[in-house]
**Q** 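Let me give you the structure first, and then I'll get to my questions.
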Amino acid sequence: MGKPVSVNRFIKITLLGILLLAVGWLVVRPRVADARLLVFSPEKALQSAELIITGTVTERDYEVNRRSVTIKVENVLKGRFEKDKLTLEMRLVLC
């Protein structure tokens, strides 16, 4: 049998765990735009979209502070897009 843990040590460990969970949540919580997209119904998302395309991902570039994806456009379902590929890029802000 191991040594019994004192009540004060148990409380400190519990509070440390709660603090670490809270900090972790603050780091990975969805941003405002992400949260707004999560509450859209599929119908509302389709209605509010300006461009809807289908295609195949041809390139991916994932770096520490940047993500980039290139899509070969196969069909334009909504909106106007006259190019044969689309590159989406997102820069990450690390706190």
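Heads up: numbering here begins at 1 and tracks the sequence. No experiment lies behind these values; they were computed from the predicted model shown.
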**Q** How about Lys85: does its NZ atom have over 12 heavy atoms from other parts shown lying under 6.0 Å from it?
**A** no
**Q** Check for me, please, whether Val69 and Val64 land in the same ILVMFWY cluster - side-chain distances under 4.5 Å, paths through other members count.
**A** no
**Q** With rounding to the nearest 0.5 Å, note down the distance linking CD in Glu59 to NZ in Lys72.
**A**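 Between Glu59 CD and Lys72 NZ, I get 13.0 Å after rounding to 0.5 Å.
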**Q** Please find the pair of heavy atoms, one from Phe81 and one from Val76, that lie closest to each other, and give the distance.
**A** O-CG2, 3.6 Å
**Q** Would you please name every residue forming a side-chain contact (heavy atoms from CB on, under 4.5 Å) with Arg80, sequence neighbours left out?
**A**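 So Arg80 forms a side-chain contact (heavy atoms from CB on, under 4.5 Å) with Glu82.
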**Q** Among Arg60, Arg67, Arg66, which residue meets the salt bridge (Lys or Arg N to Asp or Glu O under 4.0 Å) test with Glu89?
**A**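 Answer to the salt bridge (Lys or Arg N to Asp or Glu O under 4.0 Å) test with Glu89 among Arg60, Arg67, Arg66: Arg66.
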**Q** Are Leu88 and Val57 grouped together when hydrophobic residues (ILVMFWY) are joined by side-chain heavy atoms under 4.5 angstrom apart?
**A**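 Yes: a chain of side-chain contacts under 4.5 Å links Leu88 to Val57.
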**Q** How far apart are the closest heavy atoms of Ile53 and Ile71, and which atoms are they?
**A** CD1-CG2, 4.4 Å
**Q** Give the cluster check for Ile52 versus Val73: same hydrophobic cluster or not, with ILVMFWY residues linked at side-chain heavy-atom distances below 4.5 Å.
**A**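 Different clusters: Ile52 never reaches Val73 through Ile, Leu, Val, Met, Phe, Trp or Tyr contacts under 4.5 Å.
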**Q** Of all residues at least two apart in sequence or in a different chain, which pass the side-chain contact (heavy atoms from CB on, under 4.5 Å) check with Thr87?
**A** Ser68, Thr70
